[in-house]
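Reading through the structure tokens given below for one structure.
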Amino acid sequence: MHNKLLLTSVIRPFGGPGEGDSVGAELFHAQVTRAQGPFSLRQVIRVWAIDYLAENVEAPTVTLHYPSRRELIHELRTGGYTHVGINFVVATFHKVREMVPLIRRYAPQAKIVLGGYGTVLPDEVLAPWADAIYREEGVGFLRRTLGEDDSREVRHPHAPIPSVQVLGFQLRAVVGHVTAGLGCSNGCDFCCTSHFFKQKYVPFSKSGRDIYESLIETRRRAQAEGVDMNGFIVIDEDFFLHRRRAREFLDCVREGGESLSLMGFGSVRGLAQFSAREVAEMGFDLVWNAFEGKGAGYRKQQGKTFPELYADLKSVGCGQLTSMIIGFPYQTEATIWSEFEELMALEPGLTQCLIYFAFPGTPFHEQVIAEGRYRQSFKQAPDLRRWDGFAMHFDHPHFEKPEAVEAIQRAIYAEDFKRLGPSPLRLARVWLTGYENLKNDPNPLLRKRAERLRQDVRSALPVTTAAIAFAPSDAVRERARQLRADIIRLTGELSAEDHVRSAGAPVLYLASRATRALGVGQQPGLLRTAHRHGGRDGATADEVFRLQGGRSPRVLIEDVAESVRRFVARRRPQLGREDLAAVTARPQPMQRSLPLVPEARPMHGCSSGCEPSVLAAE
């Protein structure tokens with residue numbers, strides 16, 4: 001029998017009884033701009049892991065991004081699959097437990113494979129729900145499981161996502177994506193992604209040219225499908241740390257002569273290896289950077305001071321998404337607010353605040369267990385739905401009630417918005433600064449960047465109108481007025497189209513607030529892709545807009561009905577104490593994949609002639 005795969009995310013809807021609102025199909029809205037109301041950035045992120053798996057095996061494969069229960073059952077009944085893979089995290093394990101009985105009922109012949117960061121849970125918890133569990137780079141594991149050649153290079157899939165939606169307005173453009181590598185060598189004690197790969201970096205792109213050409217190719221495909229690709233996301237835990245590869249990427253961008261628009265991830269340590277002008281030449285408009293805590297002492301925070309780094313990057317139009325962590329043992333409430341003041345002085349474009357978290361497989365998890373610090377409720381029956389960075393699981397030396405840390409976290413998000421305002425306008429201010437500084441630059445690539453930033457800034461004019469009307473504070477209202485005046489002063493008067501859009505922005509704001517309050521259109525829609533199957537090879541760029549929200553009547557009714565069904569039935573899938581005791585009772589070093597398959601060969605494409613130093617931090 002020939003292999004035929006179904007690879008799926010967990011099922012929607014999200015945000016049911018007992019589920020944290022930080023876990024779902026969105027990243028910005030769930031964990032970053034969550035307190036900004038209609039100004040929040042809305043963008044559904046597809047599960048790129050299953051796209052990479054589908055692209056890199058030979059068997060016919062279908063992927064489902066955020067199916068409903070009904071859509072999953074339909075696919076299982078009609079697909080004739082030999083294997084069904086589920087990608088999940090710890091906080092969505094309860095959905096796995098709901099999906100597996102459906103698979104066993106409607107596709108009893110299929111082997112069930114579990115993957116993703118949720119597999120840090122121990123064998124005794126996961127084994128009853130799967131035939132195979134992979135706890136490593138998934139392409140090689142799946143190839144070996146299927147008896148395929150695992151020495152082939154990893155191919156980057158064409159897997160765009162819709163551009164960011166603000167005030168309910170969806171620009172008909174997509175964002176491209178390339179995963180340059182997995183894992184991180186920084187080894188922070190709380191970091192699941194680092195310790196999942198044993199503090200080793202697993203490259204998918206061994207050269208900067210491969211990254212560059214993959215970005216250009218995915219854009220070419222989008223354009224051939226009639227859709228504009230106006231930016232890219234480069235997934236890599238610390239892109240700039242791999243200096244030689246990043247410099248080769250910079251050389252390729254210079255050679256191409258086009259100003260790209262990129263979002264990526266970079267530590268202070270990595271970014272300090274490049275000048276701000278070089279970062280701008282590469283095309284980075286937004287870099288996700290870890291502030292963490294002043295006293296955390298992580299190596300990745302060394303190289304430059306935060307004020308110096310941020311000022312340099314902003315001067316060339318590169319904004320920051322800055323992550324803060326609260327709940328470190330050294331932090332008192334006063335310490336947390338003092339560090340928050342330092343963060344506010346940096347004026348990041350976006351702010352994330354997570355609670356220090358003891359994730360299985362990390363050194364911090366081992367420490368919390370050794371010191372007996374887990375809260376009694378989590379020792380007796382851990383509720384995995386709240387393993388999301390928004391719940392305090394352990395006793396803290398400076399907080400009698402751990403719930404106090406959760407309250408501070410909520411206050412930080414609210415205060416960030418009250419002081420600095422909507423993130424779209426904070427980023428527009430940075431991009432306007434970049435335009436002003438670079439518009440007459442002697443470097444032609446940076447002059448092109450300035451013109452691109454100018455166009456991006458003008459698209460923020462309608463948001464300034466809404467912010468002036470609905471700002472969370474007088475200070476933010478004044479910021480919006482000044483930004484609007486500066487945009488007009490530096491980039492030109494409003495066109496007739498600008499006037500129309502600005503006039504309509506307050507209406508969009510009110511409509512967006514109403515749909516959020518009613519819970520309408522807040523769930524993702526299904527994206528189904530087929531590979532080497534039925535004459536299809538992936539989804540077109542136009543089809544990915546289905547992700548951005550289930551707004552068709554059928555999907556809306558289905559998601560509302562499913563939410564009601566779960567609420568009425570009080571469906572709170574959760575393993576009992578005896579099944580989960582291991583998670584909080586003893587250390588959980590990363591276990592091997594199950595069942596054991598032949599050992600991995602050298603990384604794809606590096607079996608011979610691949611110079612390791614190309615990918616190493618220097």
Is any side-chain N of the basic residue among Glu347 and Arg419 closer than 4.0 Å to the acidic one's carboxylate O?
-> no
Would His156 and Ser205 count as having a side-chain donor-acceptor pair, cut-off 3.5 Å?
-> yes
Closest heavy-atom contact between Glu292 and Gln301?
-> CB-NE2, 3.7 Å
Please round to the nearest 0.5 Å and tell me the distance separating atom CZ of Arg221 and atom NE2 of His158.
-> 5.0 Å
Centroid-centroid under 6.0 Å between Tyr310 and Phe291 rings = no
Is the shortest side-chain N to carboxylate O distance from Arg245 to Glu248 below 4.0 Å?
-> no
Distance, nearest 0.5 Å, that separates CG of Leu182 from OH of Tyr201 = 8.0 Å
Would Leu350 and Leu286 satisfy side chain to side chain contact (heavy atoms under 4.5 Å, CB included), going step by step from the backbone distance to the final call?
-> CA-CA 10 Å; Leu350 303 103; Leu286 181 63; 3.8 Å; yes
If every non-hydrogen atom of Phe265 is compared with every non-hydrogen atom of Val234, which pair is closest and at what distance?
-> CD1-O, 3.7 Å
To the nearest 0.5 angstrom, please state how far the CE atom of Met344 sits from the OG1 atom of Thr351.
-> 4.5 Å
Could you walk me through whether Thr8 and Val47 pass the side chain to side chain contact (heavy atoms under 4.5 Å, CB included) test, one step at a time?
-> CA-CA 8 Å; Thr8 181; Val47 185; over 6 Å; no
Between Tyr435 and Asp456, is a side chain to side chain donor-acceptor pair (under 3.5 Å) present by the stated rule, with each step listed?
-> CA-CA 10 Å; Tyr435 164 71; Asp456 291 342; over 6 Å; no
What one should report as the nearest heavy-atom pair of Asp388 and Ser22 is OD2-OG, 2.9 Å
Going by distance alone, is a donor N or O of one side chain under 3.5 Å from an acceptor N or O of the other, for Arg42 and Gln522?
-> yes
Look at the side chain of Arg546 and the backbone N and O of Arg528, then say whether any donor-acceptor pair between them is shorter than 3.5 Å.
-> no
Closest non-hydrogen atom pair, Ser323 against Gln352 = OG-OE1, 2.9 Å
Spell out, as yes or no, whether a donor-acceptor pair under 3.5 Å connects the side chain of Tyr117 to the backbone of Thr193.
-> no
Can you check side chain to side chain donor-acceptor pair (under 3.5 Å) on Ser261 and Asp285, steps first, answer last?
-> CA-CA 6 Å; Ser261 176; Asp285 296 342; 2.7 Å; yes
Charged N to carboxylate O under 4.0 angstrom, Asp238 versus Arg269?
-> no
ring-ring contact (aromatic ring centres under 6.0 Å, His included) partners of residues 32-51, not counting sequence neighbours, each pair once | Phe39-Tyr509, Trp48-His177
Answer yes or no: is there a side-chain heavy-atom contact under 4.5 Å between Gln273 and Glu278?
-> no
Residues Arg12, Glu71; criterion salt bridge (charged side-chain N to carboxylate O under 4.0 Å, His left out); working and verdict = CA-CA 10 Å; Arg12 66 173 199 272; Glu71 289 163 340; 3.0 Å; yes
Can you check whether Gln482 reaches Arg429 side chain to side chain, under 4.5 Å on heavy atoms?
-> yes
Determine, step by step, whether Thr465 and Arg484 satisfy the side chain to side chain donor-acceptor pair (under 3.5 Å) criterion, reporting the C-alpha distance in whole Å, the side-chain angles of both residues, the deciding distance to 0.1 Å, and the verdict.
-> CA-CA 8 Å; Thr465 304; Arg484 184 179 180 84; 3.0 Å; yes
Assert yes or no for the condition that the ring centre distance of Phe274 to Phe239 is strictly below 6.0 Å.
-> no
Below 4.5 Å, heavy atoms only, C-beta onward: do Val175 and Ser163 meet side chain to side chain?
-> yes
Say whether, by atom type as modelled, one donor and one acceptor occur between the side chain of Gln302 and the main chain of Val268 under 3.5 angstrom.
-> no
Hey, are Arg501 and Asp498 close enough for a salt bridge, meaning a charged N less than 4.0 Å from a carboxylate O?
-> no
List the steps, then state whether side chain to side chain contact (heavy atoms under 4.5 Å, CB included) holds for Arg172 with Asp542.
-> CA-CA 9 Å; Arg172 203 68 180 175; Asp542 188 61; 2.9 Å; yes
Provide the closest heavy-atom pair for Pro67 versus Ser9 in the form atom of the first, atom of the second, distance.
-> CD-OG, 3.6 Å
Nearest-0.5 Å distance, CG of residue Asp486 to OG1 of residue Thr464 = 11.0 Å
Whether Asp441 side chain and Arg447 backbone form a donor-acceptor pair below 3.5 Å | no
When you check the gap from the basic side-chain N to the acidic O, do Glu451 and Arg454 get nearer than 4.0 Å?
-> yes
Rounded distance [0.5 Å steps], CG in Leu313 versus CD in Glu308 | 10.0 Å
Reported OG1-to-CG distance for the pair Thr63 and Asn87, which is rounded to 0.5 angstrom | 11.5 Å
Any side-chain heavy atom of Val23 within less than 4.5 Å of one from Phe390?
-> no
If only atom types and distance count, is the side chain of Gln43 paired as donor or acceptor with the main-chain N or O of Ile161 below 3.5 Å?
-> no
Asn437 side chain vs Ser315 backbone, donor-acceptor pair below 3.5 Å = yes
Side chain proximity check, Asn443 to Glu281, heavy atoms < 4.5 angstrom | yes
Could you tell me which non-hydrogen atom of Thr433 sits nearest to which non-hydrogen atom of Lys314, and how far apart they are?
-> CG2-O, 3.7 Å
Heavy atoms, side chains only, cut-off 4.5 Å: are Val154 and Thr179 in contact?
-> no
Do Thr61 and Leu53 come close enough that some side-chain heavy atom pair is under 4.5 Å?
-> no
Where the side chain of Glu153 meets the backbone of Arg155, is there a donor-acceptor pair that is under 3.5 Å apart?
-> no
State plainly whether the residues Arg209 and Glu255 are in salt-bridge range, i.e. N to O under 4.0 Å.
-> yes
Lys300 bridged to Glu237 by N-O distance under 4.0 Å = no
Is the NZ atom of Lys418 crowded by more than 12 outside heavy atoms at less than 6.0 Å?
-> no
Do the side chain of Ser502 and the main chain of His499 share a donor and acceptor less than 3.5 angstrom apart?
-> no
Using modelled atom types only, decide if a donor and an acceptor are shared between the side chain of Tyr413 and the backbone of Gln36 within a distance under 3.5 Å.
-> no
Would you mind checking if Arg452 and Glu258 are paired as a salt bridge, meaning a charged N to carboxylate O distance below 4.0 Å?
-> no
Sub-4.5 Å side-chain heavy-atom contact between Leu446 and Arg449 = yes
Side chain Thr33, main chain Leu41, donor-acceptor under 3.5 Å | yes
Show your working on side chain to side chain contact (heavy atoms under 4.5 Å, CB included) between Glu225 and Val174 and close with a plain yes or no.
-> CA-CA 11 Å; Glu225 295 160 356; Val174 296; over 6 Å; no
